[in-house]
Amino acid sequence: MATIKPFRGIRPPKELVEQVESRPYDVLDSEEARQEAGDNEKSLYHIIKPEIDFPEGTSEYDPRVYEKAAENFRKFQEQGWLVQDQQDHYYIYAQTMQGKTQYGLVVGAYVDDYMNGVIKKHELTRRDKEEDRMKHVRVNDANIEPVFFAYPDNAVLDALIMRYAATEPEYDFVAPIDGFRHQFWVISSDEDIQLITREFQAMPSLYIADGHHRSAAAALVGAEKAKLNPNHQGNEEYNYFMAVCFQASQLTILDYNRVVKDLNGLSSEEFLQALAKNFTVTVKGKDNYRPAQLHEFSLYLDGEWYSLVAKEGTYDNSDPIGVLDVDISSRLILDEILGIKDLRSSKRIDFVGGLRGLGELKRRVDSGEMRMALALYPVSMKQIMDIADSGKIMPPKATWFEPKLRSGLVIHKLS
């Protein structure tokens, strides 16, 4: 059973939302944030990337930077750029990319559900990244940015969401950086709030799609606050953290591709011969070639595209990890042939995700920066949920969700 609750969101007035909202903290570096914020003092980057308020080169992990985040968060509220709702609400957040719209419910997710595995993960987290986000949550006493969950398709919730989607949204704008549309509705009806809460209570699990470090940090700070409060009751706001929950079938997962700096001492011919042991190798020519199905890969090498189809027996359909193309390519190409053992630490490999597409792979190889590129067929949401249900962890750099959630549409205060 998944426990959720509505909350009193802190959010910008309608007329300021496009000045406040931003991309998530982890999809751009400090210099990009500095440029995007420009002279806009209302930009959320002053809270989620507050190093931009210091001289260039200031570390985002400098203790002063965290304090600046809290100072700016207070300032935004004092200036009326962020205002807390008077009542508890759920919210609906819709994103439209290339004509396709996905609708998410913004809820307070339960810390204990994260701790006991009702909220399921499919990636490992790094303690240093967790600690960075924990500091940010602690100093602001708030979840400034949401995490991104999926839930099993639900006809009752879908009908409710569509009913709201037919009305005028509270926010409606197109983000200039990518051209995606973002819409936002406030759910204030007690009857609808109770219905959403009940429907989630019938769900055995929720699934982290994107934001594993934010989820871990939010839950750990919530648990920390519970332990430090001698009068802890269990219904305090810190027992919950902010999540946007989408129906699984609506989500778009894009390919997450690999570029490699060398062939581990092999010539191109030797590399192609080595591939033929486990793959059917077919020359596809100079035009960009995208994998058309699971267990097919696109290789770009020496100005030519190749199709690599994994041979029967090289993967195990009964193993939720072993059947993944990220696992097949890691085992049989990157490790066995190229000697790349650890995708997280190797300096010989890089990853290209999202909307950059095959053109970016070709560019990086043609420039001489990389020796070859490997394009993968996207992972499915069903595969992610199967792995999470099995208690296993996906290989690194396996999923790229698009569009990313915009930050600053709503914030969850922990007290």
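Worth knowing before you read on, the calculation uses all heavy atoms, side chains too, and leaves out hydrogens, waters and symmetry mates.
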Can you find a pair of side-chain heavy atoms, one from [X] and one from [Y], that are under 4.5 Å apart?
X: Leu275; Y: Leu299; answer: yes
X: Ile119; Y: Phe241; answer: yes
X: Phe173; Y: Glu21; answer: yes
X: Val118; Y: Pro204; answer: no
X: Leu105; Y: Ile196; answer: yes
X: Arg64; Y: Thr58; answer: yes
X: Tyr114; Y: Ile208; answer: yes
X: Ile328; Y: Val323; answer: no

(request) Report yes if the distance between the aromatic ring centroids of Phe149 and Phe246 is under 6.0 Å, otherwise no. (result) no
(message) Please tell me whether His122 and Tyr207 form a close aromatic pair, meaning their ring centres lie under 6.0 Å apart.
(response) no
Backbone N/O of [Y] and side chain of [X]: donor-acceptor pair under 3.5 Å:
X: Glu130; Y: Asp128; result: no
X: Ser215; Y: Gly211; result: yes
X: His182; Y: Gln95; result: no
X: Arg8; Y: Asp88; result: no
X: Asp325; Y: Asp327; result: no
X: Asn229; Y: Ala226; result: no
X: Ser367; Y: Arg364; result: yes
X: Asn116; Y: Asp112; result: yes
X: Tyr171; Y: Tyr93; result: no
X: Arg348; Y: Leu338; result: yes

(request) Report the distance from atom CG of Leu409 to atom CD of Glu145, rounding to the nearest 0.5 Å. (result) 11.0 Å
(request) Mind checking the CD-CD1 spacing from Glu199 to Ile4? Nearest 0.5 Å is all I need. (result) 10.0 Å
Between [Y] and [X], does any NZ, NE, NH1 or NH2 come within less than 4.0 Å of an OD or OE carboxylate oxygen?
X: Glu224; Y: Arg138; result: yes
X: Glu170; Y: Arg11; result: yes
X: Asp26; Y: Arg214; result: yes
X: Glu36; Y: Arg23; result: yes
X: Arg34; Y: Glu31; result: yes
X: Glu78; Y: Lys75; result: no
X: Lys404; Y: Asp210; result: yes
X: Lys68; Y: Glu71; result: yes
X: Glu168; Y: Lys14; result: yes
X: Lys5; Y: Glu237; result: yes
X: Arg163; Y: Asp192; result: yes
X: Glu336; Y: Arg331; result: no
X: Asp302; Y: Arg371; result: yes
X: Asp335; Y: Lys341; result: yes

Any side-chain donor-acceptor pair under 3.5 Å between [X] and [Y]?
X: Thr3; Y: Tyr240; result: no
X: Ser345; Y: Asp342; result: yes
X: Asn154; Y: Gln247; result: no

(request) Taking the six-membered ring of Tyr25 (Phe, Tyr or Trp), confirm whether the NZ or CZ of Arg133 is under 6.0 Å from its centre and within 45° of its axis. (result) yes
(message) The test is side-chain contact (heavy atoms from CB on, under 4.5 Å); show your working for Ser298 and Leu308 and say whether it passes.
(response) CA-CA 6 Å; Ser298 294; Leu308 313 178; over 6 Å; no
(message) Could you go through Tyr289 and Glu296, starting from their C-alpha distance and side-chain angles, then the distance that decides it, and tell me whether this counts as side chain to side chain donor-acceptor pair (under 3.5 Å)?
(response) CA-CA 11 Å; Tyr289 181 75; Glu296 181 186 18; 2.6 Å; yes
(request) Look at the aromatic rings of Trp185 and Tyr103 and report parallel, tilted or perpendicular, splitting at 30° and 60°. (result) tilted
(request) Just say parallel, tilted or perpendicular for the rings of His232 and Tyr238, cut-offs at 30° and 60°. (result) parallel
(message) Once ring-ring contact (aromatic ring centres under 6.0 Å, His included) is applied, do any residues pair with Phe76, and if so which ones, sequence neighbours excluded?
(response) Trp81
(request) Would you sort out whether Asp29 and Lys49 count as a salt bridge (Lys or Arg N to Asp or Glu O under 4.0 Å), showing the intermediate values? (result) CA-CA 9 Å; Asp29 61 27; Lys49 302 285 285 182; over 6 Å; no
(message) Name the residue from Val139, Asn140, Asp141 that meets the side-chain contact (heavy atoms from CB on, under 4.5 Å) definition with Phe73.
(response) Asn140
(message) Around atom NZ of Lys227, are there more than 12 heavy atoms from other residues, nucleotides or ligands closer than 6.0 Å?
(response) no
(message) Go through it in stages, so that I can follow the logic: the residues are Val326 and Tyr256, the test is side-chain contact (heavy atoms from CB on, under 4.5 Å), and I'd like the CA-CA distance, side-chain angles, deciding distance and then a yes or no.
(response) CA-CA 9 Å; Val326 287; Tyr256 208 166; over 6 Å; no
